[in-house]
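Notes follow once the structure below has been shown.
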There are 2 protein chains.
Amino acid sequence: MGVKRKTKSVKKLLKIFGQTNSAISAVKLAEDLHQEMNKTTVYRILERLEDEGTLHSFIGKDGLKWYANNEKDSAPYHSFAHPHFQCKSCGKTECLTMDIDIPPVPKYKIDSIKLLFIGECDDCAS
Amino acid sequence: MGVKRKTKSVKKLLKIFGQTNSAISAVKLAEDLHQEMNKTTVYRILERLEDEGTLHSFIGKDGLKWYANNEKDSAPYHSFAHPHFQCKSCGKTECLTMDIDIPPVPKYKIDSIKLLFIGECDDCAS
DNA sequence: AATTTAATGCACCTTAGTTGCAATAACAAA
DNA sequence: TTTGTTATTGCAACTAAGGTGCATTAAATT
Ligand SMILES: [Mn+2]
Ligand SMILES: [Mn+2]
Ligand SMILES: [Zn+2]
Ligand SMILES: [Zn+2]
């Protein structure tokens, strides 16, 4: 179920995601906010914001969970994937704006596609 | 570094991967083999087999690490991705045989691509 | 057989994420 | 505004994946 009450903690997280397009790991959020709310609260709010469609999540290259804004007009799965990029040097992780066209997979009923590009970002490539 | 000695434990794992094309999670292997070797040994052998190119690994939808055979002729990253499928009902996880063509990503230097299809397998879709 | 050292077992650790429950605070009704 | 309902939070304890240090074992080589 989604968020039912605009608590201080919910507002705080919404503000953070309102200020960036980058993905942020749950771990980082729990760390950064640990003076303002319990880590359990962070995890629970993220879950609720994802449920209601405000955020979306994915698993990064190291198995950590990352969250980012959901584009309002993001449709469910057609035949394209919303890709993420993760820098193996600095860890920066982003939603890519392009949608990647994925050909149909024979034999399986596909619900969603996770597409993760791993490489080096601008800053680290120099 | 890769495997230097064909120990009993190494042979056991090689035999297992010699008998299937499915991916197997490290957790499952450690469980199944826990009478025959320590879980630490399982994790270390998997790491070495991946280092030497015998196996490859990826992170599944729940953040677990999965291993599967490496096709001998698998090139590094050109512009295609080796996709995996994971059934959200029964957890079955497989390497797909097709290579998916991925268009170049502007702005980033990409080293590898992780492509995970999540859906329902034949058995679970009925 | 003796030597070398890669590989293993074990005990312990680290970290991400979850759970149960009592206390708190949105929010709506009175 | 006060009161009542219950969503949300904090806390402490827990689970599970995976990793580490080190003494011991066992491949492989001489
Ligand atoms: Mn995204
Ligand atoms: Mn594979
Ligand atoms: Zn970077
Ligand atoms: Zn299935």
Side-chain angles (χ1 to χ4, degrees), chain A residues 1-17 23-68 84 86 88 91 93 114 116, chain B residues 1-17 23-68 84 86 88 91 93 114 116:
Chain A
M1 216 179 301
V3 169
K4 296 241 171 83
R5 292 178 186 180
K6 283 271 167 58
T7 64
K8 251 183 159 169
S9 297
V10 168
K11 283 178 195 158
K12 186 87 198 181
L13 276 161
L14 285 176
K15 190 176 177 192
I16 289 173
F17 281 102
I24 314 174
S25 70
V27 169
K28 176 98 185 336
L29 287 166
E31 270 172 25
D32 291 355
L33 296 172
H34 92 102
Q35 310 237 46
E36 315 181 41
M37 70 190 83
N38 193 271
K39 72 169 178 172
T40 307
T41 303
V42 174
Y43 280 97
R44 292 199 270 224
I45 290 176
L46 290 172
E47 192 176 40
R48 275 181 260 141
L49 290 176
E50 185 176 19
D51 280 349
E52 72 180 27
T54 305
L55 301 180
H56 70 283
S57 72
F58 59 95
I59 306 289
K61 68 182 172 59
D62 302 309
L64 292 199
K65 199 159 190 183
W66 292 75
Y67 286 88
H84 297 108
Q86 189 164 22
K88 67 178 182 184
T93 302
K114 300 293 183 183
L116 181 66
Chain B
M1 217 181 301
V3 169
K4 295 241 169 87
R5 293 179 185 179
K6 282 271 166 57
T7 64
K8 253 189 151 143
S9 297
V10 168
K11 283 178 195 157
K12 187 86 200 181
L13 275 161
L14 285 176
K15 191 176 176 193
I16 289 173
F17 281 102
I24 314 174
S25 70
V27 169
K28 177 98 185 335
L29 287 165
E31 270 173 24
D32 291 354
L33 296 172
H34 98 284
Q35 311 236 46
E36 316 181 40
M37 70 190 83
N38 192 272
K39 72 168 179 172
T40 306
T41 303
V42 175
Y43 279 97
R44 291 199 271 223
I45 291 176
L46 291 172
E47 193 176 38
R48 276 180 259 139
L49 290 176
E50 185 176 19
D51 279 349
E52 73 181 27
T54 305
L55 301 181
H56 69 283
S57 72
F58 59 96
I59 305 290
K61 67 181 173 61
D62 302 309
L64 292 199
K65 200 160 189 182
W66 293 75
Y67 286 87
H84 297 109
Q86 189 164 24
K88 67 178 182 181
T93 302
K114 301 293 184 183
L116 181 66

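Per chain, numbering begins at 1; letters A, B, ... match sequence-line order. Note that this is a predicted model, so its numbers are computed, not measured.
Distance I45(A) CD1 to dG10(D) P: 8 Å, rounded to the nearest Å. Going from atom CD of E47(B) over to atom C1' of dT20(D) covers 12 Å, rounded to whole Å. As a whole-Å value, the separation of R44(B) CZ from dG21(D) P is 11 Å. Rounding to whole angstrom units, NZ of residue K6(B) and C1' of dT29(D) are separated by 17 Å. Distance CD (E50(B)) to P (dG19(D)): 11 Å, rounded to an integer number of Å. Here the C1' atom of nucleotide dG19(D) and the CG atom of L46(B) are 14 Å apart, to the nearest Å. Atom pair K28(B):NZ and dA17(D):C1' shows a separation of 17 Å (rounding to whole Å applied). One interatomic measurement links the two molecules: OH of Y43(B) to P of dA16(D), which rounds to 12 Å at whole-angstrom precision.
Residue K28(B) places its NZ atom among 12 or fewer non-hydrogen atoms of other residues, nucleotides or ligands, all under 6.0 Å distant. A 6.0 Å sphere centred on NZ of K61(A) holds more than 12 heavy atoms belonging to other residues, nucleotides or ligands.
For the helix from dA1(C)-dT30(D) to dA30(C)-dT1(D), the angle separating the two terminal helix axes comes to 30°, with each axis derived from five pairs and the value rounded to 10°.
A donor-acceptor contact shorter than 3.5 Å links the side chain of N38(A) to the backbone of T40(A). Judged by distance alone, the side chain of E50(B) and the main-chain N or O of L55(B) form no donor-acceptor pair under 3.5 Å. H34(A) contributes no side-chain N or O that, together with a main-chain N or O of K39(A), makes up a donor-acceptor pair within less than 3.5 Å. When atom types are taken as modelled, the side chain of T93(A) and the backbone of G91(A) share a donor-acceptor pair closer than 3.5 angstrom.
Residue-level contact check: T7(A) touches the backbone only, with heavy atoms under 4.0 Å from sugar-phosphate atoms and none from bases. Contacts of R48(B) with the nucleic acid, taken as non-hydrogen atoms under 4.0 Å apart, involve only primed sugar atoms and P, OP1 or OP2. Among the heavy atoms of the strands, none lies under 4.0 Å from M1(A). Using a 4.0 Å heavy-atom distance criterion, K8(B) is classed as making no nucleic acid contact.
Here the nucleotide nearest the side chain of M37(A), chosen from dA28(D), dG10(D), dA17(D), is dG10(D).
In terms of position on DNA chain D, the residue among K39(B) and G2(A) whose nearest nucleotide sits closer to the 5' end is G2(A). Nearest-nucleotide positions on DNA chain C place R5(B) closer to the 5' end than the other of R5(B) and T40(B). Nearest-nucleotide positions on DNA chain D for E36(A) and E31(B) put E36(A) closer to the 5' end.
Here OH of Y67(B) is found 12.0 Å from CD1 of I24(B). Values are rounded to the nearest 0.5 Å.
Between E52(A) and V3(A) the shortest heavy-atom distance is OE1-N, 2.9 Å.
Between L64(B) and W66(B), the closest side-chain pair of non-hydrogen atoms falls below 4.5 Å.
Using a 4.0 Å cutoff to heavy atoms of chain A, the contacted part of DNA chain C runs 5' to 3' from dA16(C) to dC27(C).
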